[in-house]
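Proteins come first, then strands; the chains are lettered A, B, ... in the order of their sequence lines, and each starts at number 1.
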Protein chains: 2
Amino acid sequence: MGTTKTIHFTDEQNELATLAKAIGHPARIAIIQHLIKVNSCICGDIVNELPLAQPTVSQHLKELKNAGLIKGSFEGNAICYCLDENGFNKIKNFFQYVDKHLENQKNQCC
Amino acid sequence: MGTTKTIHFTDEQNELATLAKAIGHPARIAIIQHLIKVNSCICGDIVNELPLAQPTVSQHLKELKNAGLIKGSFEGNAICYCLDENGFNKIKNFFQYVDKHLENQKNQCC
DNA sequence: ATTTATTATCGTAATATTGCAATATAAACA
DNA sequence: TGTTTATATTGCAATATTACGATAATAAAT
């Protein structure tokens, strides 16, 4: 196998999983952190920042983009990337939901 | 390969990635949601809730536990699982950090 | 038009993940 | 002790992910 049984889960569960999975790699965390640090958008700089070859970085950027976590726009012959609030808002809601529960259940666990 | 180059990233980046990766599967999202729904702890019920075989569920529980997202305590011959705030607080902080940035940069992206 | 710079894609090797049947382990109880 | 119940582990097949060299594609600059 190796194949996730997405059919048996709800769209919401699959979407949240896809978002979390996209974030679940140190290189992609580093990309997100860098995009926050430099405030405005960047592109080939990300390749210089990361300890990975250009095709690998390109692949990671693609995954983040597919998940709706970053967006890129052409700027001359380069591409400017920045965070996409669409994806982040979706997970943010999930974590707020979890957090609300954790507050209520403090020290009441089994 | 298939091997993530964890050595080249910071401990924080690797830890956040591990947490997000653990959440990044619909079955594990479903487990988290169920633990929230039933409020107090449960165990074999999770197996009944999920459309997966017992060994598969056991594996998913193990991953969540290793990541510090759930904790289990023995209750007779059964095991009672519930959410572990340790793991969740760590990612929560990350998303708050991201969110703060997104608020500032609204519509100022490239 | 050619070169240069920037990013994406293809192909491929190595490793990781997912899922399950079979089996093991451990605790309660008869 | 033997049996039931609950969970974990092992072993394995199928698929996914990660990473990179080589190469393509695109657009600016000369």
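- Residue whose closest nucleotide on DNA chain C sits further toward the 5' end, between A:Asp45 and A:Phe9: A:Asp45.
- Here the nucleotide nearest the side chain of B:Ala53, chosen from D:dC20, C:dC20, C:dG19, is C:dC20.
- Residue B:Tyr81 places at least one side-chain N or O closer than 4.0 Å to OP1 or OP2 of D:dA8.
- With hydrogens and angles left out, the side chain of B:Asn77 and the base of D:dT5 share a donor-acceptor pair within 3.5 Å.
- Within the 4.5 Å cutoff, no side-chain heavy atoms of A:His25 are placed close to those of A:Glu63.
- In terms of position on DNA chain D, the residue among A:Glu75 and A:Thr4 whose nearest nucleotide sits closer to the 5' end is A:Thr4.
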CA sep, side-chain torsions, deciding dist, call: B:Leu50, B:Thr56, side chain to side chain contact (heavy atoms under 4.5 Å, CB included): CA-CA 10 Å; B:Leu50 297 194; B:Thr56 310; over 6 Å; no
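- The distance between atom CZ of A:Phe74 and atom P of D:dA25, rounded to the nearest whole Å, is 15 Å.
- Taking the side chain of A:Leu52 as heavy atoms from C-beta on, and the options D:dA16, D:dC20, D:dA8, the nearest nucleotide is D:dC20.
- A:Arg28 contributes atom CZ, which lies 10.5 Å from atom CD1 of A:Ile70 (distance to the nearest 0.5 angstrom).
- Within residues 55-66 of chain A, the residues that have a heavy atom under 4.0 Å from DNA chain D are, in order of number, A:Pro55, A:Thr56, A:Gln59, A:His60, A:Glu63.
- A straight line from NZ of B:Lys5 to C1' of D:dT18 spans 10 Å, rounded to a whole angstrom.
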So B:Asp99 and A:Phe95, side chain to side chain contact (heavy atoms under 4.5 Å, CB included) or not? Walk me through it. CA-CA 12 Å; B:Asp99 211 52; A:Phe95 280 103; over 6 Å; no
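- Put simply, CG on B:Leu19 and NZ on B:Lys21 are 12.0 Å apart, with the number rounded to the nearest 0.5 Å.
- Look at A:Lys21 and you'll find a side-chain N or O under 4.0 angstrom from OP1 or OP2 of D:dT17.
- With contacts defined as side-chain heavy-atom distances shorter than 4.5 Å, the pair B:Phe88/B:Ile32 qualifies.
- Taking atom CD1 of A:Ile23 as the reference point, atom P of D:dT18 lies 13 Å away to the nearest angstrom.
- Summarising the geometry, the separation between CG on A:Leu50 and C1' on D:dA19 is reported as 13 Å, rounded to the nearest angstrom.
- Between the side chain of B:Asn86 and the backbone N or O of B:Gly68, no donor-acceptor pair lies under 3.5 Å.
- With hydrogens and angles ignored, no donor-acceptor pair closer than 3.5 Å exists between the side chain of B:Gln54 and the base of D:dA6.
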